[in-house]
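Below: one structure, written as structure tokens.
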Amino acid sequence: GIFSAGYEFIKEKAIYRRERMISLRLVPYVGSKLVVLGAFMALQLAIFLGVLALGQRLPAAGALVWAPLEYYLTLLLSAMAAIGLGLFISALARSKDMVTYLILLAILGQIIFSGAIFQLTPLTEPLSYLTITRWSLEALGISTDINELNRLGQVRVINNLETGRGLTTLINDIPASVDFYINYTRHPAALVARWIFLLAQLLLFGWLALGRLRREDEL
């Protein structure tokens, strides 16, 4: 989503300035970017999940409806929020080279501050709530019921012991759950809340992109 939208404004800067002086309005202009890029992203995600379903058994029951449908909605909202971020980056950048660096920084921040890889400190944890990835990961985990899968996790330990009558193989299955650093508690309201946060990210970045373009007009 970020890459698809990151170069939209910067590559059209000359055309944008000319059309803006004539009759181009900002809200329809930015909205058209969201609609077109969102439509392509919706198609790509449908193909992605279809290919994934060919090789993996997807769960049937989600927190609200059919789990693959929940996956699709979560990924679509995540992609739309990322498109909004990409449009903001494109409006912020001065050149295509700058866009590349800003995109890399944005993606790195989304990975590091998602809260899923390692436990964040009290000082950095608030940054996690500003990322798209945290809400996307939590929504996908809720749809999958990852807490229940984690509870079922086991490690098989095999020991070969010499008993004097030959080797004896002892097999022990030991519970091996993983400590999560973000919240995967399964509840329909929790899933809807994550979707709302993703939608809020889209609106926030879209608003920031509009504000930046208006600022360019003043300059």
Side-chain angles (χ1 to χ4, degrees), residues 1-51 71-117 124 126-140 194-219:
I2 295 176
F3 273 104
S4 67
Y7 296 90
E8 284 297 307
F9 296 147
I10 197 71
K11 71 182 182 182
E12 298 176 351
K13 182 170 287 189
I15 300 174
Y16 166 78
R17 286 177 176 173
R18 184 177 68 248
E19 294 297 323
R20 182 69 173 146
M21 288 188 293
I22 301 174
S23 61
L24 182 64
R25 297 169 60 188
L26 282 180
V27 173
Y29 176 60
V30 175
S32 67
K33 298 294 184 183
L34 290 171
V35 170
V36 174
L37 293 173
F40 280 112
M41 194 62 64
L43 178 60
Q44 290 178 42
L45 290 172
I47 296 172
F48 168 75
L49 283 176
V51 172
Y71 291 158
Y72 182 75
L73 291 174
T74 296
L75 292 174
L76 183 58
L77 286 170
S78 302
M80 292 301 299
I83 289 172
L85 176 55
L87 291 176
F88 174 55
I89 288 174
S90 187
L92 196 64
R94 298 290 184 181
S95 65
K96 290 185 178 180
D97 289 337
M98 187 177 179
V99 169
T100 303
Y101 293 125
L102 290 176
I103 286 176
L104 292 176
L105 285 174
I107 292 176
L108 184 62
Q110 294 288 329
I111 295 172
I112 292 176
F113 296 111
S114 67
I117 301 176
T124 58
L127 296 174
S128 178
Y129 297 102
L130 299 177
T131 64
I132 299 168
T133 44
R134 181 186 182 103
W135 306 117
S136 182
L137 285 169
E138 288 190 357
L140 292 171
R194 271 65 182 177
W195 287 346
I196 291 173
F197 283 126
L198 289 171
L199 181 60
Q201 296 254 2
L202 166 61
L203 296 176
L204 171 63
F205 290 124
W207 177 75
L208 289 174
L210 282 171
R212 179 60 186 175
L213 290 176
R214 289 195 179 100
R215 178 63 177 164
E216 285 289 325
D217 290 344
E218 294 174 2
L219 297 175

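Being a predicted model, the structure only gives us computed values, none of them experimental.
- You'll find the side chain of Leu87 reaches within 4.5 Å of the side chain of Leu34, heavy atoms only.
- Put simply, the side chain of Phe40 does not reach to within 4.5 Å of the side chain of Ile83, judged on heavy atoms.
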inquiry  = Under the criterion side-chain contact (heavy atoms from CB on, under 4.5 Å), I'd like the reasoning laid out for Leu75 against Leu140: C-alpha separation, chi angles, the key distance, then a yes or no.
reply    = CA-CA 8 Å; Leu75 292 174; Leu140 292 171; 4.2 Å; yes
message = Set out, in order, the CA-CA distance, both residues' side-chain angles and the distance that settles side-chain contact (heavy atoms from CB on, under 4.5 Å) for Phe9 and Val99, then state yes or no.
response = CA-CA 10 Å; Phe9 296 147; Val99 169; over 6 Å; no
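- Ile89 is not listed as a side-chain neighbour of Ile10, based on a closest heavy-atom distance of 4.5 Å or more.
- In this structure, Phe205 has no ring pair (Phe, Tyr, Trp, His ring centres under 6.0 Å) partners at least two apart in sequence or on a different chain.
- Side-chain contact check for Phe88 versus Leu204: every heavy-atom pair is 4.5 Å or farther apart.
- Here the side chain of Thr133 pairs a donor or acceptor atom with the backbone of Gln110 at under 3.5 angstrom.
- Scanning all heavy atoms of the two residues, the minimum distance from Gly1 to Ser4 falls at O-OG, 2.9 Å.
- Two residues are said to be in side-chain contact when any heavy atoms from C-beta on lie closer than 4.5 Å; Trp135 and Glu138 meet this criterion.
- In this structure a side-chain-to-backbone donor-acceptor pair under 3.5 Å is present from Tyr72 to Ala42.
- Legend: residues meeting side chain to side chain donor-acceptor pair (under 3.5 Å) with Lys13, ordered by chain and number and at least two apart, are absent.
- The cationic group of Arg134 lies under 6.0 Å from the six-membered ring centre of Tyr129 and within 45° of the ring axis, placing it in a cation-pi geometry.
- Taking every heavy atom of both residues into account, Ala81 and Leu198 meet most closely at CB-O, 3.7 Å.
- Residues Leu49 and Leu45 fail the side-chain proximity criterion, which asks for heavy atoms closer than 4.5 Å.
- Proximity of the aromatic rings of Phe48 and Tyr71 is defined here by a centroid distance below 6.0 angstrom, and this criterion is not met.
- Using a 4.5 Å heavy-atom cutoff, the side chains of Arg214 and Leu26 are in contact.
- At distances below 3.5 Å, at least one donor-acceptor pair connects side-chain atoms of Ser128 with backbone N or O atoms of Ser114.
- Between Glu12 and the options Lys96, Lys33, Arg20, a salt bridge (charged side-chain N to carboxylate O under 4.0 Å, His left out) holds for only Lys33.
- Checked against side chain to side chain donor-acceptor pair (under 3.5 Å), Ser90 has no partners two or more places apart in sequence or in another chain.
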Evaluation steps, side-chain contact (heavy atoms from CB on, under 4.5 Å), between Ile117 and Ile112 = CA-CA 7 Å; Ile117 301 176; Ile112 292 176; over 6 Å; no
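- Looking at every heavy atom in both residues, Leu130 comes nearest to Gln201 through O-NE2, 3.1 Å.
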